[in-house]
Amino acid sequence: MLSFKEHAKKFNLDEEEQEILADFEANHAGKPQITEERKKELASLANASYMFRASAKKPYTIRLHSGAVEVIKAFTDRFGGHYQTLVDDAVIELAAKLKAEMV
């Protein structure tokens, strides 16, 4: 693994880029790397998420707490997107995690 100075020299980083890299190294030095088991778990979640997203969408009528929906709508109004897409994304992520738990 290249050190900060080796990165700066190899990639000809400007001052701002050097500060960003130095800050990253200072805050992440000595932190444990992702284990092989965690990598497999993340790959499994990504695969399950992909499979759910690749399947056809079908309309469902469900009851949701109005306060939660209002917060989601306010978020999408402020940052862009559509609230139903955000809810769908959350459901897909939950389904992928649940599927991984069942294996």
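In this structure, Ser49 and Ala96 approach most closely via the heavy-atom pair N-CB, 3.9 Å. Nearest approach of Ala100 to Leu45, heavy atoms of both residues: CB-CD2, 3.8 Å.
His82 places a side-chain N or O within 3.5 Å of a backbone atom of Gln84 that can act as its donor or acceptor partner. Side-chain atoms of Thr76 come within 3.5 Å of backbone atoms of Ile72 as a donor-acceptor pair (strictly under, hydrogens ignored).
Residues Val91 and Phe75 are members of one and the same hydrophobic cluster, defined by side-chain heavy-atom contacts under 4.5 angstrom among Ile, Leu, Val, Met, Phe, Trp and Tyr. Under the 4.5 Å side-chain heavy-atom criterion for Ile, Leu, Val, Met, Phe, Trp and Tyr, Met51 and Ile92 are members of distinct hydrophobic clusters. Hydrophobic clustering of Ile, Leu, Val, Met, Phe, Trp and Tyr side chains at less than 4.5 Å, counting indirect connections, keeps Leu94 apart from Met102. Linking Ile, Leu, Val, Met, Phe, Trp and Tyr whenever their side-chain heavy atoms come within less than 4.5 Å puts Phe79 and Val69 in one cluster.
Using a 4.0 Å cut-off between charged nitrogen and carboxylate oxygen, Glu37 and Lys40 do not count as a salt-bridge pair. The pair Lys97-Glu41 fails the salt-bridge criterion, with no side-chain N (NZ, NE, NH1 or NH2) lying under 4.0 Å from an Asp/Glu carboxylate O.
Rounding to the nearest 0.5 angstrom, the gap separating the NZ atom in Lys99 from the CZ atom in Phe52 is 5.0 Å.
Remark: Tyr60 pairs with no residue by the ring-ring contact (aromatic ring centres under 6.0 Å, His included) rule, at least two apart or across chains.
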